[in-house]
Peer 1: 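I'd like to ask some things about the structure below.
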Amino acid sequence: MASSIIIAIILIITGLLVWKYPGLIAGYNTMTPEQQRNVDIKGLKAFMCRAFCLMGIAVILAAYLFRQFINGIAADLMATILIPLSGTVCILIGAQRYDHNQKKRN
């Protein structure tokens with residue numbers, strides 16, 4: 001359970017840091033200033049903060065629930081791998097709605 005709590009704390013701290021310092025968002029900090037003006041940064045940082053904090057809470061809940069059905073190490077491993085991976089996919093898909101830059105078409 002300790003590893004799940006550590007991962008959860010890291011995820012929650014990451015969410016709070018993204019809220020305070022949106023320059024930490026990968027991709028946003030590499031954009032040109034003109035591209036950055038076309039990003040809804042207030043909405044994006046709020047979305048990312050909520051997503052990371054929810055992932056942190058979900059890791060703890062999943063580890064607790066998995067422990068009801070399987071042994072401790074496997075439960076922690078499943079919670080600390082499945083939740084962040086699925087959360088990352090959701091963040092990658094959900095964050096696209098805040099980018100209003102024109103996409104290059106080939």
Peer 1: For residues 75-86, pull every pair meeting side-chain hydrogen bond (donor to acceptor under 3.5 Å, both in side chains), keeping only residues two or more places apart or in separate chains.
Peer 2: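 Only Ser4-Asp76, Arg67-Asp76 qualify under side-chain hydrogen bond (donor to acceptor under 3.5 Å, both in side chains).
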Peer 1: Let me check something: do Leu82 and Ile70 share a hydrophobic cluster, defined by ILVMFWY side-chain heavy atoms less than 4.5 Å apart, either directly or through other members?
Peer 2: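 Yes, it is one cluster - the side chains of Leu82 and Ile70 are joined through contacts under 4.5 Å.
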Peer 1: Tell me, do Gln36 and Ile41 make a side-chain contact under 4.5 Å, heavy atoms counted?
Peer 2: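 With C-beta onward as the side chain, the pair stays apart.
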Peer 1: Can you check whether Leu11 reaches Pro84 side chain to side chain, under 4.5 Å on heavy atoms?
Peer 2: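 SC-SC contact between Leu11 and Pro84 confirmed.
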Peer 1: Does any N or O in the side chain of Gln35 come within less than 3.5 Å of the main-chain N or O of Thr32, such that one atom is a donor and the other an acceptor?
Peer 2: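 Yes.
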Peer 1: Consider side chain to side chain contact (heavy atoms under 4.5 Å, CB included). Of Val18, Ile12, Thr14, which one does Leu16 pass it with?
Peer 2: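 Only one of Val18, Ile12, Thr14 forms a side chain to side chain contact (heavy atoms under 4.5 Å, CB included) with Leu16, namely Ile12.
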Peer 1: Could you check whether atom CD of Glu34 has more than 12 heavy atoms from other residues, nucleotides or ligands sitting under 6.0 Å from it?
Peer 2: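 Atom CD in Glu34 is not packed in, count stays at 12 or less.
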Peer 1: Phe52 and side chain to side chain contact (heavy atoms under 4.5 Å, CB included): which partner among Leu17, Ile13, Ile91?
Peer 2: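 Testing Phe52 for a side chain to side chain contact (heavy atoms under 4.5 Å, CB included) against Leu17, Ile13, Ile91 leaves exactly one candidate, Ile91.
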Peer 1: On a heavy-atom basis, which atom in Phe47 and which in Arg97 lie closest, and how many Å separate them?
Peer 2: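 It is CE1-NH2, 3.7 Å.
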Peer 1: Quick one: side-chain hydrogen bond (donor to acceptor under 3.5 Å, both in side chains) partners of Asp99, sequence neighbours excluded?
Peer 2: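 Applying side-chain hydrogen bond (donor to acceptor under 3.5 Å, both in side chains) to Asp99 gives Asn101, Lys103.
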Peer 1: Using the rule given for side-chain contact (heavy atoms from CB on, under 4.5 Å), can you reason through His100 versus Asp40, listing the C-alpha separation, both sets of side-chain angles and the distance that settles it, and then say yes or no?
Peer 2: CA-CA 8 Å; His100 304 298; Asp40 176 14; 4.1 Å; yes
Peer 1: For a quick test of reading the model, state the closest non-hydrogen atom pair linking Tyr98 to Leu44 and the distance between them.
Peer 2: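 The pair with the smallest heavy-atom distance is CD2-N, 3.7 Å.
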